[in-house]
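This structure is a prediction, so every number in the text was calculated from the model and none was measured. Proteins come first, then strands; the chains are lettered A, B, ... in the order of their sequence lines, and each starts at number 1.
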Number of protein chains: 2
Amino acid sequence: MMRRVTLACVVALAGMTSASLDAQRGKAPDKPLVIASQGSFFVGGESKAIPAPPAGQGRGGVPGGDVTVNQMYVQYQIPPNGARHTPVVMVHGCCLSSKTWETTPDGRMGWDEYFVRRDRPVYLADQVSRARSGFDATVISAVKAGSAPASQLPNIIFATHQIAWTVFRFGPVYGKTFPDGQFPIEAIDELYKQMIPDLNALLPNPNPTWTNMAALAVRLKGAILMGHSESGFFPEQAALIDPSGIRGMISIEMPCPADLTDAQIATLAKIPTLVMFGDHLGDVQGGPANWAMSYDSCEKYVQRIKAAKGDAEMMSLPKMGIKGNSHMLMQDRNNLQLADLILKWIDQHVEGKKGT
Amino acid sequence: MMRRVTLACVVALAGMTSASLDAQRGKAPDKPLVIASQGSFFVGGESKAIPAPPAGQGRGGVPGGDVTVNQMYVQYQIPPNGARHTPVVMVHGCCLSSKTWETTPDGRMGWDEYFVRRDRPVYLADQVSRARSGFDATVISAVKAGSAPASQLPNIIFATHQIAWTVFRFGPVYGKTFPDGQFPIEAIDELYKQMIPDLNALLPNPNPTWTNMAALAVRLKGAILMGHSESGFFPEQAALIDPSGIRGMISIEMPCPADLTDAQIATLAKIPTLVMFGDHLGDVQGGPANWAMSYDSCEKYVQRIKAAKGDAEMMSLPKMGIKGNSHMLMQDRNNLQLADLILKWIDQHVEGKKGT
């Protein structure tokens, strides 16, 4: 049976590399992945003294002492040609971990491996207070022991399946999809397994993840910071703490603040910025997120950066003819096509190459 | 200046491969790492309905709905010759994550990469309720919202620096080291960053990590399960749920139960078992762990397995002349020498090869 190939298809496919085509078709990659070095380490972290719990209570009989808090776990892979390119640091959003960037829910290649296969050193960071970075459990233990009131417990955010469906824009209401939706909805149960409790309410201000992202960029002698959703503006927050290591900022689907000072804008305008949004921003009903408003706030932000002579790009996928992308666009069926757009932006705006 | 090389040194070095020698010397590996495929996925997990919180309280205004709990996050790498060998599943201990098996605190190669470089498919699992596997936060939110008493909060275990020092056997008391200690104590702050709160008190019985480890072994069409400390006996617990996928069990430094039935022993005796313990078991003062008692309990367990005609080995490193290993022996300076011992055991006892 012949398949209908539309003009839009041909145009979309023409922009894709053979590697991305292979992965789009669900094939295992033909070529082995070659890694010059890989591993994991922590950025930041400090000692905190905790008092001994009341006799006979709490922490399995563990006495007082010191624990380490506010550290950020980072996992990395550097390809053989990695030194020719600027490292890319990827930071996940709310109620998620670095799993965001790995194998997609339906088993395709994630952005982490794809960027490495495109010669980029890739660093995945678990936000402070999430996943392998751990969290400061002392207040929970204090409430358990009766030495602090329940009101001091953190307001833990965990998205239900029902909330995720519309916040992540898989369809207009729970259980319904958009006809052109790019998310692999048949594998949604695998996305639900990625959704873990968000303990950011435990964090001090400024968020140690921002400080640690800035420090990581310095440690790497220059890095591109990428954030998504809850962490979408974290690259900019990191730059406001210390811009010296940050060579580029990629901000995916988040609200942008309207209250930045001109001095802050001047700092941010020195670093190339890409803001990316998917489709159906105004097409979901209810829920805590309003993506159309977020888009508008970021459009205003990009205009302010441009007015300060900064290099900032507002990339609306549907305006480029790429339709149906969800909030989890790094996991959508066309995820590697989107990765190619980002890689091209990096080449041109961070690494100074002319059009490819 | 010439270095004194003792006979014990020469004997120890003779058993090491050139790759392990390179890593012992702190060199970056000479050869790139070649990966046929890598990625991550979840095993297990089920939906749990949660009620809506009282109006105006809890969970950031999120209404009731369904969340996914009890899933286990697994990250893997398969080398080009991986199909020739049985996959190895590594599961970390209390207050830790899969970071246990990665880059050591002082920056040397961990067992994860070393096993891959020795042609083994490696699977790292974060225990259910820890790190990227997430946890069931509903009871904490219920206490925060006032709909459950504080006594229902989990007893969260987090080891202080002071406790870790003696439980992990870095020295006889906090701040003192053993003269022959193998742990890279100059990098202990990096180990403290790996120590994260343990929420296993939230788990149902049987522990879903056991069920998921058994299911993973089936999914891999045969696997060797390895556990450490809190998870040291998890391979056996998994086998008691479903032994069909489990080809070998490696249990590192834990207490062994004395109350197994003869039927349970008969099941376990069908699978080759290696139990490994380090040094200075009776040389630390105080603390919640008693490693000398743990050793004795496992020696009795191994004897029971042998009496049931099972293939079980009790490997005491100091009895083999390998001195000074801590509880975190996969991070000790001689970690790759110990990895070689395990690989040799796998070759001979699981994969049926004659002595190397």
Side-chain angles (χ1 to χ4, degrees), chain A residues 28-29 32-42 45 47 50 58-68 71 73 75 80 97-99 102-103 110 113 126 131-135 137 140-141 143-144 146 150-151 153 155-163 189-190 192-193 195-197 288, chain B residues 28-29 32-42 45 47 50 58-68 71 73 75 80 97-99 102-103 110 113 126 131-135 137 140-141 143-144 146 150-151 153 155-163 189-190 192-193 195-197 288:
Chain A
L33 176 65
V34 183
I35 302 291
S37 68
Q38 69 174 20
S40 60
F41 58 86
F42 290 87
S47 284
I50 55 171
R59 297 203 306 278
V62 174
D66 302 298
V67 294
T68 297
Q71 68 274 30
Y73 170 83
Q75 202 165 25
S97 71
S98 292
K99 170 61 180 157
E102 299 174 338
T103 316
E113 180 173 336
D126 284 345
R132 294 180 182 168
S133 294
F135 62 95
I140 303 175
S141 289
V143 174
K144 167 88 174 171
S151 60
L153 288 173
N155 193 15
I156 302 179
I157 304 177
F158 45 100
T160 61
H161 301 175
Q162 289 78 3
I163 288 289
D189 285 345
E190 297 306 308
Y192 292 151
K193 294 175 190 176
M195 290 164 40
I196 64 177
Chain B
L33 175 65
V34 183
I35 301 291
S37 67
Q38 69 174 18
S40 60
F41 58 87
F42 290 88
S47 284
I50 55 171
R59 296 204 305 278
V62 174
D66 303 297
V67 293
T68 297
Q71 67 275 30
Y73 170 83
Q75 201 165 25
S97 71
S98 291
K99 170 61 180 156
E102 298 175 340
T103 316
E113 180 173 336
D126 283 345
R132 294 181 182 167
S133 294
F135 63 95
I140 302 175
S141 288
V143 173
K144 166 87 173 171
S151 60
L153 288 173
N155 193 15
I156 302 179
I157 304 177
F158 46 99
T160 60
H161 301 175
Q162 288 79 2
I163 288 291
D189 285 346
E190 297 307 307
Y192 292 151
K193 294 175 189 175
M195 290 165 40
I196 63 178

- Message: Measuring from atom OH of Tyr73(A) to atom CZ of Arg132(B), what distance do you get when rounded to the nearest 0.5 angstrom?
- Response: 5.0 Å

- Kindly say whether Lys193(B) contributes a backbone atom to a donor-acceptor pair with the side chain of Gln71(A) at under 3.5 angstrom? yes

- Message: Under 4.5 Å from any heavy atom of chain B, what part of Phe41(A) do you find: side chain, backbone, both or neither?
- Response: backbone

- Task: Return yes if some donor-acceptor pair links the side-chain N/O of Lys144(B) with the main-chain N/O of Ala150(A) below 3.5 Å, else return no.
- Result: no

- Query: Given a strict heavy-atom distance threshold of 4.5 Å, which part of Thr103(A) is in contact with chain B: side chain, backbone, both, or neither?
  - Reply: both

- Donor on one side chain, acceptor on other, Ser98(A) and Asp126(A), under 3.5 Å: yes

- Item | Pairs of heavy atoms under 4.5 Å with chain A: top-ranked of Gly134(B), Gly110(B), Ser47(B), Pro197(B) | Pro197(B)

- Is it the backbone or the side chain of Gln75(B) that comes under 4.5 Å from a heavy atom of chain A, or both, or neither? side chain

- Measure distances from Ser151(A) to the heavy atoms of chain B and classify the residue's part below 4.5 Å as side chain, backbone, both or neither. backbone

- Query: For Asp66(A), does its backbone N or O pair with a side-chain atom of Gln162(B) as donor and acceptor, under 3.5 Å?
  - Reply: yes

- Top contributor to chain B contacts, counting heavy-atom pairs under 4.5 Å, from Ile35(A), Ile140(A), Ile196(A): Ile35(A)

- Sort out for me which of Gly45(B), Ser40(B), Ala137(B), Ser133(B) touches chain A most, counting heavy-atom pairs under 4.5 Å. Ser40(B)

